[in-house]
There are 2 protein chains.
Amino acid sequence: MASLAPHNHDHRKLAGAPLVTAARATMLAAGEQWTDMRAAVFDVLAGLDHPASAYAITDAVSKALGRRIAANSIYRILDLFVAANVALRVESANAYLVNAHPECLHDCLFLVCDGCGKATHVDDEAISKQIRATAAAAGFRAERPVIEVRGRCAACCA
Amino acid sequence: MASLAPHNHDHRKLAGAPLVTAARATMLAAGEQWTDMRAAVFDVLAGLDHPASAYAITDAVSKALGRRIAANSIYRILDLFVAANVALRVESANAYLVNAHPECLHDCLFLVCDGCGKATHVDDEAISKQIRATAAAAGFRAERPVIEVRGRCAACCA
DNA sequence: CGCGCAATGTTATACTATATCAGGGAGCCA
DNA sequence: TGGCTCCCTGATATAGTATAACATTGCGCG
């Protein structure tokens with residue numbers, strides 16, 4: 001275990017079982033349950049290599065469970081996940097993504113490729129601070145910055 | 001805050017007739033027509049004090065023209081407007097807004113109030129440059145930054 | 001005139017998101 | 001145990017956002 005300084009931003013990404021464990025712990029800490037259904041949704045999210053729509057996730061969960069799940073139920077769970085910071089939403093793509101380090105909370109920036117659809121999650125405190133400062137200067141109370149860059153990733157620029 | 005752009009970024013906001021004239025000129029310069037329909041949509045946009053959904057705009061245009069316009073037609077025109085930079089889209093709100101200075105092109109930042117729904121349009125080259133630099137550092141070609149801050153405006157904080 | 005082209009109309013449909021109420025299981029307490 | 005509440009999920013309906021596909025109109029031009 002790396003040391004947990006006040007917040008050293010050692011952002012190694014979790015994956016596999018440790019990620020599930022961390023997500024579960026985060027949910028429990030938020031006073032939310034970790035049900036079979038939620039675990040199934042999380043597994044699907046964690047298995048994606050790019051953000052997916054709620055309906056795509058619904059299809060994948062349905063397939064995984066062998067029975068039809070209503071989109072409705074998936075939305076409820078995704079909303080909880082986002083609120084608890086174990087999942088993230090890409091506003092400009094109406095899509096959801098697992099949060100590979102659910103234990104630290106900060107504004108995040110997505111580089112969203114219009115070629116392959118993949119999103120790279122970047123944390124940059126300098127940008128975040130600057131945006132929040134700009135908002136504050138305008139007398140605006142920033143609650144949820146949405147910072148996304150549409151464009152082309154290195155692989156898709158070719 | 002060095003101002004090295006080709007133009008001086010004197011961002012006085014246009015309104016009323018001069019704004020329409022500027023928008024029209026911008027569209028023509030982009031090789032697009034300025035039809036009665038487009039003028040009607042633009043008038044509605046220019047009369048809004050906060051971003052509105054395509055359907056709300058459809059209703060307003062329909063009312064202004066005294067006949068029912070299909071949402072479809074409005075979407076087409078809004079898309080053109082956004083492409084030509086005479087209108088802007090707030091991704092996190094699925095809403096459209098007139099661009100009060102259509103003649104200069106830059107990334108923009110919206111402060112979107114969850115209380116009153118108003119959006120403040122801020123231009124900040126420092127943030128824009130930093131975001132683009134971050135993207136470039138990741139080998140990502142930034143084409144369209146989406147920078148929006150959800151929160152509460154000064155009036156709604158009270 | 002006849003043709004092509006762009007804009008708009010018309011209709012249908014896909015996609016995204018939420019509301020509402022019913023059912024069912026776990027824990028709690030008399 | 002029985003009954004109770006609370007939360008999660010199911011089921012259904014509907015609202016809201018966006019695009020597809022083809023028809024029609026009107027205008028400029030040879």
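The analysis underlying the following values was restricted to heavy atoms, covering all of them including side chains, and did not include hydrogens, waters or symmetry mates. Please read these numbers as outputs of a predicted model, since none were measured by experiment. Note on naming: letters A, B, ... go to the chains in the order of the sequence lines (proteins, then strands), and numbering restarts at 1 for each one.
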For this session: Write down the distance between OH (A:Y96) and P (C:dC15), rounded to a whole number of angstrom.
Result: 16 Å
Exercise. Taking the side chain of B:R76 as its heavy atoms from C-beta onward, which of C:dA17, C:dA7, C:dT10 lies nearest to it?
Worked result: C:dT10
Exercise. In whole angstroms, how far is the P atom of C:dA17 from the CD1 atom of A:I57?
Worked result: 10 Å
For this session: Give the rounded distance in Å between these two atoms: CD1 of B:I69 and P of C:dT10.
Result: 8 Å
Exercise. Do B:N72 and C:dT10 share a donor-acceptor pair, side chain to base, under 3.5 Å?
Worked result: yes
For this session: Could you tell me whether B:R68 contacts a base, only the sugar-phosphate backbone, or nothing, with contacts defined as non-hydrogen atoms closer than 4.0 Å?
Result: nothing
Exercise. Less than 4.0 Å between a side-chain N and a carboxylate O, is that true for A:K118 and A:D49?
Worked result: yes
For this session: Would you kindly compare B:N94 and B:R67 by the position of their nearest DNA chain C nucleotide and give the one closer to the 5′ end?
Result: B:R67
Exercise. Can you find a pair of side-chain heavy atoms, one from A:M27 and one from A:F81, that are under 4.5 Å apart?
Worked result: yes
Problem set entry | d(CE, B:M27; P, C:dA6) in whole Å | 14 Å
For this session: Test side-chain contact (heavy atoms from CB on, under 4.5 Å) on A:F110 and A:L97 and set out the steps.
Result: CA-CA 11 Å; A:F110 291 112; A:L97 192 58; 3.6 Å; yes
Problem set entry | side chain to side chain donor-acceptor pair (under 3.5 Å): pairs with one or both residues in residues 83-100 of chain A, sequence neighbours excluded | A:N85-A:N99, A:R89-A:E91, A:R89-A:N94, A:R89-A:Y96, A:E91-A:R144, A:S92-A:E148, A:S92-A:R150
Exercise. Closest nucleotide of DNA chain D for A:A70 versus for A:L80: which of these residues is on the 5' side?
Worked result: A:L80
For this session: May I ask you to say what A:R38 touches in the nucleic acid, namely base, sugar-phosphate or nothing, with a heavy-atom cut-off under 4.0 Å?
Result: sugar-phosphate
For this session: Check whether any side-chain nitrogen or oxygen of B:S73 sits under 4.0 Å from OP1 or OP2 of C:dT8, and answer yes or no.
Result: no
Exercise. Can A:R68 and A:D59 be counted as an ion pair, charged N to O under 4.0 angstrom?
Worked result: yes
Problem set entry | Worked check of side-chain contact (heavy atoms from CB on, under 4.5 Å) between B:H101 and B:H106 | CA-CA 10 Å; B:H101 35 82; B:H106 39 54; 3.8 Å; yes
Seminar exercise, completed: Excluding A:V146, membership of its hydrophobic cluster (Ile, Leu, Val, Met, Phe, Trp, Tyr; side-chain heavy atoms within less than 4.5 Å) reads none
For this session: Confirm from the modelled atom types if A:Y55 and C:dA17 form a donor-acceptor pair under 3.5 Å, side chain to base only.
Result: yes
For this session: Extract, from 5' to 3' on DNA chain D, the first and final nucleotides lying under 4.0 angstrom from some heavy atom of chain B.
Result: D:dT17 to D:dA21
For this session: Return the value, rounded to whole Å, for the distance between atom CD1 of A:I74 and atom C1' of C:dT18.
Result: 15 Å
Exercise. Can you tell me how far P of C:dA7 sits from CZ of B:F81, to the nearest Å?
Worked result: 12 Å
Exercise. C:dT10, C:dA7, C:dT16: which one has an atom nearest the side-chain heavy atoms of B:Q33?
Worked result: C:dA7
Problem set entry | Separation of atom CD1 in B:I77 from atom C1' in C:dA6, rounded to whole Å | 12 Å
